[in-house]
Undergrad: 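Supplied in structure tokens, the structure appears directly below.
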Amino acid sequence: MGNIFAIYKPILHGLMKLAGVRPQTLEIEPGTVMNFWVPTETNSKKSKPAVVFLHGFAVDGIITWQFQVLSLARDYAVYVPDLIFFGGSITDKPDRSPEFQAECVAKGLRKLGVERCTLVGLSYGGMVGFKMAELYPDLVEAFVVTCSVMALNKSVSDAGLERIGFSRWSDYLLPDSVKGVRNIFEIAAYKFPHLPDWIYRHYLEVMFDNRKEREELLEALVISDEDFTVANYPQRVYLLWGANDKIFDIESASNLNKQLGNNASVYHIEKAGHLVQMERPFVYNSQLKKFLASLSEDVHQD
């Protein structure tokens, strides 16, 4: 039997094309290439509001956001980039910071003709999204944050690691064993089903490319408490959270809400963990659509 994830990927890609998105490779700058999933119909890029999905650290963009793409692609111009060192996106630059990821995504969107968009960021993608919102307020109109933080300063990092029982993020997110892969999902999910070891082994075989570079991304992610400052975000921000997230818990969401002030609101989805968009996709998509619709109402009122 072949690797089930290697088999599933082309099936998923075919399904995404039927839903109205296709892969496109962009040269961001010499030596840096990013893969984006973009709307198949070029006229929809102008007529529909743009929504950009930023994935977390476990898998690439289209696997992370497959249920959301299927739900939104008809009414929105959906863009799903693979961040650098995920899904075929790569660079020869030494920069591993979230700022660099944000710059690459923003440059890619500009090349694709996106002038304004709403970001949806999960975990690592949320941190990249915060940098995009800070650096490119003319591009980022609004931001949906799921199970993430503004930045991974050391005290926040240490608290998260303590909650999940690890001393380093790479030990959790870059496993080298079947047990390690099982830990990823059992910690990240509210109630993960029992699966045989061979499924985790197949996942381990195909989902951890660029291991050295990804470890460098994690090292660059953690900053000192002294280097962290709360930026002023003009965008509306919606915190859409798994109520049972162990990595960034409800208290993390509450703290983030306080940091963001009056422009932010929060909604907790019960019986869902860090992977809320996959565990409770119908509830997640419903709340996401309500927020996106409220943005359109604001535009019409203006």
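Worth knowing before you read on, the calculation uses all heavy atoms, side chains too, and leaves out hydrogens, waters and symmetry mates. Please read these numbers as outputs of a predicted model, since none were measured by experiment.
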Undergrad: Within the supplied structure, the quantity of interest is the number of heavy atoms (other residues, nucleotides, ligands) at a distance under 6.0 Å from Lys93 NZ; does it exceed 12?
TA: yes
Undergrad: Given side chains that start at C-beta, do those of Gln24 and Leu112 come closer than 4.5 Å, heavy atoms only?
TA: yes
Undergrad: Counting N and O atoms only, with roles assigned by atom type, does the side chain of Asn263 sit under 3.5 Å from a partner on the main chain of Val237, one being a donor and the other an acceptor?
TA: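 A pair under 3.5 Å: no.
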Undergrad: Using the ring pair (Phe, Tyr, Trp, His ring centres under 6.0 Å) rule, pick out the option among Tyr172, Phe192, Tyr190 that qualifies with Phe185.
TA: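 Going through the options one by one, the only one that passes is Phe192.
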Undergrad: Say whether, by atom type as modelled, one donor and one acceptor occur between the side chain of Gln101 and the main chain of Ile84 under 3.5 angstrom.
TA: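 The answer is yes, because a donor-acceptor pair under 3.5 Å joins these two groups.
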Undergrad: Is a side-chain donor or acceptor of Lys48 paired with a backbone partner of Arg74 at a separation under 3.5 angstrom?
TA: yes
Undergrad: Using atom types as modelled and distance alone, determine if a side-chain donor or acceptor of Arg22 lies under 3.5 Å from a backbone N or O of Lys17.
TA: no
Undergrad: So do Leu119 and Cys117 actually touch side chain to side chain, heavy atoms under 4.5 Å?
TA: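 When only atoms from C-beta onward are counted, Leu119 and Cys117 do touch, with a gap below 4.5 Å.
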Undergrad: What closest approach, in Å, do Ser148 and Ser123 show between heavy atoms, and which atom pair accounts for it?
TA: OG-O, 2.6 Å
Undergrad: Can you tell if the side chain of Phe85 reaches within under 4.5 Å of the side chain of Ile90, non-hydrogen atoms only?
TA: yes
Undergrad: Using the rule side chain to side chain donor-acceptor pair (under 3.5 Å), only one of Trp241, Tyr238, Tyr284 pairs with Thr146; which is it?
TA: Tyr284
Undergrad: Is Arg201 paired with Asp197 through a side-chain N to carboxylate O contact shorter than 4.0 Å?
TA: no
Undergrad: Has Glu216 got a side-chain atom pairing as donor or acceptor with Arg96's backbone, closer than 3.5 angstrom?
TA: no
Undergrad: Can you see which heavy atom on Ala264 is nearest to which on Asn257, and at what distance?
TA: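 Ala264 and Asn257 have their closest heavy atoms at CB-OD1, 3.3 Å.
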Undergrad: Minimum heavy-atom separation for Phe228 to Asn153, with atom names?
TA: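 The answer is CB-CB, 3.9 Å.
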Undergrad: Could you tell me whether the side chain of Gln68 reaches within less than 4.5 Å of the side chain of Val78, counting heavy atoms only?
TA: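 Side chain of Val78 against side chain of Gln68, heavy atoms only: no contact under 4.5 Å found.
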Undergrad: Between Glu205 (side chain) and Asn3 (backbone), is there a donor-acceptor pair under 3.5 Å?
TA: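 Checked: no pair found.
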Undergrad: Should Glu103 and Lys107 count as an ion pair when the cut-off is N to O under 4.0 Å?
TA: no
Undergrad: Start with the C-alpha distance between Phe208 and Asp176, add both sets of side-chain angles, then the distance that settles side chain to side chain contact (heavy atoms under 4.5 Å, CB included), and finish with yes or no.
TA: CA-CA 9 Å; Phe208 296 101; Asp176 56 8; over 6 Å; no
Undergrad: Is there a side-chain contact between Pro49 and Leu292 in this structure, where contact means two heavy atoms from C-beta onward sitting under 4.5 Å apart?
TA: no
Undergrad: Would you say the side-chain atoms of Asn35 pair up with the backbone N or O of Ser89, donor to acceptor, closer than 3.5 Å?
TA: no
Undergrad: Can you give me the closest heavy-atom contact between Gly87 and Asp82, atom names plus distance?
TA: O-OD2, 3.1 Å
Undergrad: Tell me if a side-chain donor or acceptor on His274 pairs with a main-chain N or O of Lys246 at a distance below 3.5 Å.
TA: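 No, the answer is negative, given that no donor and acceptor are paired below the 3.5 Å cut-off.
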Undergrad: Any side-chain donor paired with an acceptor under 3.5 Å for Asn255 and Ser252?
TA: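 Short answer, no.
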Undergrad: How far apart are the closest heavy atoms of Leu195 and Tyr200, and which atoms are they?
TA: O-CE1, 3.6 Å
Undergrad: Between Leu174 and Leu218, is the side chain to side chain contact (heavy atoms under 4.5 Å, CB included) condition met? List the steps.
TA: CA-CA 10 Å; Leu174 296 172; Leu218 289 171; 4.1 Å; yes
Undergrad: Answer whether the closest heavy-atom distance between the side chains of Arg214 and Phe86 falls below 4.5 Å.
TA: yes
Undergrad: Does Pro30 have any side chain to side chain contact (heavy atoms under 4.5 Å, CB included) partners at least two apart in sequence or in another chain, and if so, which?
TA: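 So Pro30 forms no side chain to side chain contact (heavy atoms under 4.5 Å, CB included) with any residue.
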Undergrad: Would you say the side-chain atoms of Asn210 pair up with the backbone N or O of Glu213, donor to acceptor, closer than 3.5 Å?
TA: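 Flag not set: sc Asn210 to bb Glu213 has no pair under 3.5 Å.
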Undergrad: Applying side chain to side chain contact (heavy atoms under 4.5 Å, CB included) to Thr64 and Phe53, what does each step give before you reach the verdict?
TA: CA-CA 9 Å; Thr64 301; Phe53 290 93; over 6 Å; no
Undergrad: Given Ile184 and Phe57, is the side chain to side chain contact (heavy atoms under 4.5 Å, CB included) satisfied, shown in steps?
TA: CA-CA 11 Å; Ile184 286 181; Phe57 213 86; over 6 Å; no
Undergrad: Salt bridge check: are Lys212 and Glu215 linked by an N-O gap of less than 4.0 Å?
TA: no
Undergrad: Does any non-hydrogen side-chain atom of Val149 lie less than 4.5 Å from one of Leu256?
TA: no
Undergrad: Does any N or O in the side chain of Arg236 come within less than 3.5 Å of the main-chain N or O of Ala142, such that one atom is a donor and the other an acceptor?
TA: no
Undergrad: Any side-chain heavy atom of Phe130 within less than 4.5 Å of one from Tyr233?
TA: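 In contact.
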Undergrad: Could you state whether Val80 and Tyr8 fall into the same hydrophobic cluster, counting links through intermediate Ile, Leu, Val, Met, Phe, Trp or Tyr residues with side-chain heavy atoms under 4.5 angstrom apart?
TA: yes
